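Some notes on the structure that comes next.
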Amino acid sequence: QVQLVESGGGLVQAGGSLRITCAASGGTFTSYTMGWFRQAPGKEREFVAAISWSSDRPYYGDGAKGRFTISRDSAKNTVYLQMSSLKPEDTAVYFCGASLTSFWPDDRTKYDYWGQGTQVTVSS
């Protein structure tokens with residue numbers, strides 16, 4: 001059974017950087033698209049970034065472009081989200097998802113598995 005475990009969240013000052021990690025297990029991920037979404041209190045889950053495991057092609061939401069970088073380590077079955085120039089509005093729980101469909105990386109309804117999330121708090 002596929003399991004996704006996020007880690008690396010925490011408290012950071014505005015303008016700072018943070019890297020969060022998603023460790024995947026229980027499956028063969030070469031056919032998956034791996035995505036990061038975030039959810040702030042009272043808001044819907046929002047697409048941040050995704051990466052095709054097979055092609056290594058990244059996709060970014062508008063809020064992530066130019067500040068966040070998604071990457072993967074096939075040997076470790078791990079996906080990373082490097083976040084820089086963080087803003088208070090980036091504060092949210094960040095979720096890792098795995099999708100067997102590659103055509104809609106920004107559509108949360110296309111993701112088959114989710115982790116429990118990791119809290120990222122950016123102070124002003």
Side-chain angles (χ1 to χ4, degrees):
Q1 182 164 346
V2 171
Q3 288 190 322
L4 305 174
V5 179
E6 302 95 333
S7 62
L11 175 63
V12 62
Q13 288 188 332
S17 298
L18 197 66
R19 187 179 78 165
I20 55 178
T21 298
C22 173
S25 62
T28 303
F29 296 96
T30 53
S31 299
Y32 281 78
T33 294
M34 305 297 293
W36 285 101
F37 287 72
R38 66 187 182 188
Q39 189 165 17
K43 295 188 177 181
E44 291 189 349
R45 194 168 294 193
E46 172 190 32
F47 173 67
V48 177
I51 189 166
S52 167
W53 204 283
S54 59
S55 71
D56 208 23
R57 177 183 175 179
Y59 306 85
Y60 294 100
D62 289 341
K65 291 176 182 175
R67 299 189 299 128
F68 296 179
T69 301
I70 189 170
S71 62
R72 59 154 177 78
D73 184 331
S74 296
K76 297 181 179 179
N77 272 0
T78 299
V79 179
Y80 304 99
L81 185 68
Q82 177 69 47
M83 303 181 288
S84 60
S85 301
L86 283 162
K87 306 173 184 179
E89 51 263 44
D90 294 317
T91 295
V93 177
Y94 283 69
F95 295 92
C96 175
S99 171
L100 282 167
T101 303
S102 61
F103 296 113
W104 301 280
D106 59 345
D107 185 345
R108 65 182 185 273
T109 67
K110 303 301 183 184
Y111 283 75
D112 304 281
Y113 303 98
W114 292 98
Q116 82 290 346
T118 186
Q119 176 70 48
V120 173
T121 302
V122 184
S123 64
S124 57

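Here the structure is a predicted model, which is why all the values come from computation and not from measurement.
How far CD of Q3 is from CG of N77: 12.5 Å, rounded to the nearest 0.5 Å. Between the CZ atom in R19 and the OG atom in S84 there is a gap of 13.5 Å [rounded to 0.5 Å]. Note that OG of S7 and CD of Q116 are 8.5 Å apart. Values are rounded to the nearest 0.5 Å. The line from CG of L4 to OG of S25 is 7.5 Å long, rounded to the nearest 0.5 Å.
The only option from T78, L81, T118, V79 that meets the side-chain contact (heavy atoms from CB on, under 4.5 Å) definition with T21 turns out to be T78.
Between F29 and W53, the ring planes are tilted. Angles from 30° to 60° get that label.
Residues Y113 and Y94 are members of one and the same hydrophobic cluster, defined by side-chain heavy-atom contacts under 4.5 angstrom among Ile, Leu, Val, Met, Phe, Trp and Tyr. Tracing side-chain contacts under 4.5 Å through hydrophobic residues (I, L, V, M, F, W, Y), one never reaches F68 starting from F95; they form parts of separate clusters. Linking ILVMFWY side-chain heavy atoms closer than 4.5 Å, directly or via other members, places V93 and I70 in two distinct hydrophobic clusters. Under the 4.5 Å side-chain heavy-atom criterion for grouping Ile, Leu, Val, Met, Phe, Trp and Tyr, Y60 is connected to M83 within one hydrophobic cluster.
For the pair V120/V122, a side-chain contact is recorded, criterion being any heavy-atom separation below 4.5 Å from C-beta on. The closest side-chain heavy-atom distance from R45 to W114 is below 4.5 Å. At least one side-chain heavy atom of Y32 sits under 4.5 Å from a side-chain heavy atom of L100. Contact of the W36 side chain with the C96 side chain is registered, since non-hydrogen atoms from C-beta on lie closer than 4.5 Å. Proximity of T101 to T33: side-chain heavy atoms (C-beta onward) are nowhere separated by under 4.5 Å.
Between the side chains of S74 and R72, at least one donor N or O sits under 3.5 Å from an acceptor N or O. One side chain, Q119 or T121, offers a donor N or O that lies under 3.5 Å from an acceptor on the other.
For the pair R57 (side chain) and S52 (backbone), a donor-acceptor distance under 3.5 Å is absent. Under the 3.5 Å distance criterion, the side-chain polar atoms of Q13 are left unmatched by any main-chain donor or acceptor of S123. No donor-acceptor distance shorter than 3.5 angstrom exists from the side chain of S85 to the backbone of R67, with no hydrogens or angles considered.
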Step-by-step side-chain contact (heavy atoms from CB on, under 4.5 Å) determination, D112 to V2: CA-CA 9 Å; D112 304 281; V2 171; over 6 Å; no
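Summarising the geometry of S99 relative to K110, their closest heavy-atom pair is OG-O, 2.8 Å, with the distance given to 0.1 Å. Smallest separation of non-hydrogen atoms from R108 and E44: NH2-OE1, 3.6 Å. The nearest pair of heavy atoms linking P105 to A50 is CB-CB, 3.8 Å.
The six-membered or imidazole ring of F37 lies near that of Y111, with a centre-to-centre distance under 6.0 Å.
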